[in-house]
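Whatever order the structure lists ligands and atoms in, that order sets their numbers, starting from 1. Both backbone and side-chain heavy atoms feed into the values below; hydrogens, waters and symmetry mates do not.
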Amino acid sequence: TIANLKGLKQGQLRLAVITTAKYIIPRLLGPFCQLYPGIDISLQVTNHELILDRMMGNLDDLYIMSQIPDHFDVNFQPFLENPLVVFAPANHPLAKEKNIPIERLGEEPFIMREPGSGTRSAVQGLFEEHGVKVKVKLELGSNEAIKQAIAGGLGISVLSRHTLLTDVAEFSILDVQHFPIKRTWYMVYPAGKQLSIIAHTYYQYLLDAAKKITEQGGLILDHNAVATHL
Ligand code: PGA
């Protein structure tokens, strides 16, 4: 039981997560650390390409990502949805429209994540599939910086819905055909690697926490609701 394990677990947990996981994982670490006060944690937050580099260098115990590597053999476990949606400023003219054709996005200045971002490759994949050419006005290496640029009127973008957990009022999510792009967060580690007891404990903890969140209807776009869910 938890009471038995408490106190027995001492040591380090090294996590490396993609940029969108930073909206959830640190919050979920709070209760975990209260359960296991002897565990110290390091958390790296970066994009998919750099996560893959870290994984190949065996730098961390456990990884969170939404695109499973093609050429590297891994164990993976889905735990929460991570849809990509079209973000615009709250007062954008398209905010009131329904079922916007995807080609229409080509007429708006677009803000794109940096090369190496999984968000970028998913967005580019969808646009290619539908022959859509967007005008990339600005390229930025941070979801948060992109949100600020959108709020400042520089353009629109496609980001994980989880990046909108707090400042909902400033943005609208456009109703565009073929969106949301469905994705999932996975817990990942190299195939053949034996998880430490601590990493395994965290793995189970995160699965349980995600199950509870999903049972309660998922993460809700409202600051207070999120706080109570987590
Ligand atoms: P990225 O990944 O930071 O590589 O774009 C984010 C995500 O997949 O949610």
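- Residue pairs meeting the salt bridge (charged side-chain N to carboxylate O under 4.0 Å, His left out) criterion with at least one member in residues 134-159, sequence neighbours excluded: R120-E139, E144-K147, K147-D167.
- Within the structure, every pair that satisfies the ring pair (Phe, Tyr, Trp, His ring centres under 6.0 Å) test and touches residues 102-125, not counting sequence neighbours, is listed here: F110-F127.
- Taking a heavy-atom cut-off of under 4.0 Å, ligand 1 is surrounded by I18, T19, T20, N47, H48, S66, N82, R113, S117, G118, T119, R183.
- Defined by atom type and a distance below 3.5 Å, a donor-acceptor pair is present between the side-chain atoms of R113 and N143.
- In this view, E114 and N47 satisfy the side chain to side chain donor-acceptor pair (under 3.5 Å) rule, not counting sequence neighbours.
- Between the side chains of H178 and E129, no donor N or O sits under 3.5 Å from an acceptor N or O.
- Ion pairing between a basic and an acidic side chain is recognised when a charged N comes within 4.0 Å of a carboxylate O; D61 and R14 show such pairing.
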